[in-house]
Amino acid sequence: MQQLSEQELIRRDSLQKLRELGIEPYPAQEFKVTAYSQEILDKFTPESTEFINVTLAGRIMSRRIMGKASFCELQDSYGRIQLYINRDEICPGEDKTLYNDVFKRLLDIGDFIGVTGYVFITQVGEISVHVSSFTVLSKSLRPLPIVKEKDGVIYDAFTDPEQRYRQRYVDLVVNPEVKQVFLQRTKIINTMRNFFNEKNYVEVETPILQPIPGGASARPFITHHNALNIPLYLRIANELYLKRLIVGGFEGVYEFAKDFRNEGMDRTHNPEFTVMEIYVAYKDYNWMMDFTEEMIERVALALHGKTQVQVGDNIIDFKRPFKRITMYDAIKEHTGVDISNMNEAELRTTCDKLGIHHEPSMGKGKLIDEIFGETCEASYIQPTFIIDYPVEMSPLCKKHRNNPNLTERFELMVNGKELCNAYSELNDPIDQYERFKEQLELSAKGDDEAMFIDHDFVRALEYGMPPTSGMGIGIDRLCMFMTNSPSIQDVLFFPQMKPEIKSHKDDIEVYTSAGIPQEWAEVLQTMGYVKYAALTEIKYTKVHQELCGYNKKHKLDLVNPKPEDVKLWLQQ
RNA sequence: GAUUCCGUAGCUCAGCAGGUAGAGCACAUCACUUUUAAUGAUGGGGUCCUGGGUUCGAAUCCCAGCGGAAUCACCA
């Protein structure tokens with residue numbers, strides 16, 4: 001156990017004292033709440049009789065104690081409301097313990113309490129709850145960061161990103177705007193879900209542990225199943241499973257899925273992330289573009305009541321219809337080069353001319369992708385569908401109805417980033433098998449992200465899959481846009497972090513169990529001997545002298561140990 | 001992976017011509033019956049990220065490491 005700070009010790013002492021007074025700091029029974037802070041603040045008027053007897057529960061977030069009366073702020077799940085607590089009303093009799101000791105001394109900021117009382121307006125005009133009784137619901141043993149606010153200015157904000165992400169619970173308690181982002185995230189997802197359900201598409205669940213990680217190009221996480229003695233992969237996509245369900249006869253299926261990719265982390269990438277994929281039979285990618293527009297516009301309206309959304313320095317308008325441009329046209333527009341009829345060698349020359357890095361392992365598809373990514377991607381701020389991708393970079397996508405070198409694919413670009421990816425799905429099993437084999441060749445050339453062949457998926461297609469259009473959308477990115485969050489970590493409750501470094505300090509028990517008295521063990525640690533094992537390598541006379549010296553210098557008034565005592569301490 | 005910046009009290013931060021470690025909030029004690037960043041008084045609290053080096057002396061200067069942030073590169 002780490003050494004406790006003064007404030008933590010005081011809180012543990014308060015916990016003990018509460019118990020001595022017969023107050024259970026962690027009661028088990030239900031506490032019935034009849035009102036919430038926001039509701040009261042919204043609805044209360046001096047004439048109203050609605051709130052003459054309310055019961056609320058929440059955390060104490062601030063206290064202003066003024067002798068026989070006190071104010072404090074109670075924070076429940078909706079917000080904060082001020083409480084007014086009067087000594088003689090809490091303690092009508094002679095015994096004022098409940099106010100003087102329990103409320104004033106033994107309770108702290110961060111504790112959960114329940115209160116009953118009536119709502120009124122103070123002289124300064126703040127709607128408050130006049131408390132007639134309170135109940136301790138849970139004692140907090142660690143001090144929360146104290147954030148104060150006046151006239152919209154925040155003082156002593158809790159801002160350290162590492163602490164905010166590692167201890168998101170604290171972040172949520174003291175930074176109310178953080179909670180809003182996550183409530184909006186839920187609203188985004190619910191809006192989409194309602195949209196799909198209205199159309200009778202079916203929400204499904206498919207395997208996260210997959211024997212073949214298919215449906216996308218990415219390095220997977222690998223794990224091992226002991227009973228079967230086989231490797232399993234955490235899914236990088238769920239596409240192939242959802243299409244199997246279309247084969248099975250569902251007309252529309254969708255899944256909000258956690259996918260996993262074993263790649264770098266930055267402001268827009270987290271190793272696990274959420275994707276919504278939807279597949280609808282008898283549709284094509286043109287239909288899917290209309291559908292996607294409608295869905296995204298609806299999300300913007302649900303969240304903001306309008307289609308314009310501030311994202312960084314830009315205002316992005318999600319009003320339908322979005323601009324549509326083919327990939328080749330986009331490249332021509334930005335570079336002046338028409339690559340539509342180029343072979344691999346010509347593409348490499350073009351890359352060289354444009355100063356774009358390329359490697360021998362890159363096939364035609366990757367080269368085109370690279371050119372697009374370097375020259376075009378960043379310029380699409382307003383929602384834009386990039387359509388008709390070259391066949392080499394889309395092995396699961398149906399060939400274009402007018403041009404066999406292209407596929408019926410679109411990506412939706414927003415703020416220079418990919419948001420959606422969609423196809424007229426490839427349902428020709430023979431073509432699909434050929435495309436998988438081409439991926440194998442890429443793999444042989446050294447492309448470690450090329451897809452594996454999924455023979456069962458091909459088998460499913462052989463039974464027949466209706467013409468289908470599918471779309472995937474990055475939910476985390478969508479949330480970043482919709483909530484104007486610059487980092488993916490701001491829209492994930494618990495973003496992936498490097499493991500927290502463990503204290504490199506021995507527990508104090510390691511010292512005491514070697515026979516060292518507690519007070520000297522603490523001295524040794526503050527002197528820098530944080531590992532007992534390291535201590536035993538030092539000559540006991542030196543340690544003895546240093547201990548006595550420290551005792552004198554810091555006026556600890558401890559009785560100095562004898563050299564033989566120290567010798568014994570170090571001999572364990 | 002590269003560059004830059006950062007790491008001091010529970011929180012936010014100051015201190016860096018090297019010379020006994022500071023403020024505000026929080027905490028503790030006292031006063032105060034409608035305050036609101038409540039107020040007034042008093043007080044406690046720190047391996048100054050870790051390890052090495054320079055020095056009589058390092059929070060401060062140098063080196064290395066750890067952790068974090070930003071930008072870039074790589075990666076869907």
Exercise. Between A/Q489 and A/R219, who's closer to the 5' end of RNA chain B by nearest nucleotide?
Worked result: A/Q489
For this session: For A/E370 and for A/K150, find the nucleotide of RNA chain B with the closest heavy atom, then tell me which residue's nucleotide is more 5'.
Result: A/K150
For this session: Answer yes or no for this row: A/Y155 ring on B/A37 base, centroids under 5.5 Å, planes under 30°.
Result: yes
Suppose we define a pair by two distances each less than 3.5 Å, Watson-Crick or G-U wobble; what does [N] pair with here?
N: B/A9; result: none
N: B/A73; result: none
N: B/A28; result: B/U42
N: B/U50; result: B/A64
N: B/A37; result: none

Could you work out the separation of [N] and [M] based on their [atom1] atoms and round it to a whole Å?
N: B/G51; M: B/U42; atom1: C1'; answer: 41 Å
N: B/A23; M: B/U36; atom1: P; answer: 25 Å
N: B/G43; M: B/U47; atom1: C1'; answer: 24 Å
N: B/G22; M: B/C56; atom1: P; answer: 26 Å
N: B/U33; M: B/A14; atom1: C1'; answer: 39 Å
N: B/C61; M: B/G24; atom1: C1'; answer: 30 Å
N: B/U55; M: B/C74; atom1: P; answer: 46 Å

Once you apply a heavy-atom cut-off of 4.0 Å, does [X] come out as touching a base, just sugar-phosphate, or nothing?
X: A/A157; value: sugar-phosphate
X: A/I65; value: base
X: A/K366; value: sugar-phosphate
X: A/Q7; value: base
X: A/Q82; value: base
X: A/S217; value: sugar-phosphate

Parallel under 30°, tilted from 30 to 60°, perpendicular over 60°: which one fits the rings of [X] and [Y]?
X: A/Y78; Y: A/Y36; result: perpendicular
X: A/F120; Y: A/Y84; result: perpendicular
X: A/Y254; Y: A/F256; result: perpendicular

Is it true that the side chains of [X] and [Y] contain a donor and an acceptor less than 3.5 Å apart?
X: A/Q82; Y: A/R64; result: yes
X: A/Q75; Y: A/S37; result: no
X: A/S70; Y: A/R87; result: no
X: A/D42; Y: A/Q38; result: yes

Exercise. Do A/P161 and A/R164 have side chains that get closer than 4.5 Å, going by heavy atoms?
Worked result: no
Between the side chain of [X] and the main-chain N/O of [Y], is any donor-acceptor distance below 3.5 Å?
X: A/N270; Y: A/F273; answer: no
X: A/T407; Y: A/Y389; answer: yes
X: A/N175; Y: A/V178; answer: no

So, is [X] close to the [N] phosphate, meaning a side-chain N or O under 4.0 Å from OP1 or OP2?
X: A/R166; N: B/G68; value: yes
X: A/K148; N: B/A38; value: yes
X: A/Q163; N: B/C11; value: yes
X: A/K68; N: B/A31; value: no
X: A/R64; N: B/U35; value: no
X: A/R105; N: B/U29; value: yes

Which of these nucleotides, [options], is closest to any side-chain atom of [X]?
X: A/P145; options: B/C27, B/C11, B/C32; answer: B/C11
X: A/T159; options: B/C13, B/U34, B/C11; answer: B/C13
X: A/S128; options: B/U35, B/A69, B/U12; answer: B/U35
X: A/E162; options: B/U71, B/C11, B/G67; answer: B/G67
X: A/T122; options: B/C11, B/C32, B/U34; answer: B/U34
X: A/V124; options: B/G68, B/U36, B/U12; answer: B/U36
X: A/A69; options: B/A28, B/A69, B/U33; answer: B/U33
X: A/D160; options: B/G68, B/A69, B/U34; answer: B/G68
X: A/D266; options: B/C74, B/U71, B/C32; answer: B/C74

I need the [atom1]-[atom2] distance between [X] and [N], as an integer number of Å.
X: A/E8; N: B/A28; atom1: CD; atom2: P; answer: 14 Å
X: A/D156; N: B/A37; atom1: CG; atom2: P; answer: 14 Å
X: A/Y84; N: B/A38; atom1: OH; atom2: C1'; answer: 14 Å
X: A/I154; N: B/C11; atom1: CD1; atom2: P; answer: 18 Å
X: A/M265; N: B/C74; atom1: CE; atom2: P; answer: 19 Å
X: A/D108; N: B/C27; atom1: CG; atom2: C1'; answer: 9 Å

Exercise. In residues 85-93 of chain A, which residues come under 4.0 Å of RNA chain B by heavy atom?
Worked result: A/N86, A/D88
Exercise. Considering only heavy atoms and no angle criterion, is a donor-acceptor pair shorter than 3.5 Å present between the side chain of A/E149 and the base of B/A37?
Worked result: no
For this session: Classify the side chain of A/Q123 and the base of B/U35 as holding, or not holding, a donor-acceptor pair under 3.5 Å.
Result: no
Exercise. Between A/Y380 and A/H334, is the gap from one ring center to the other below 6.0 Å?
Worked result: yes
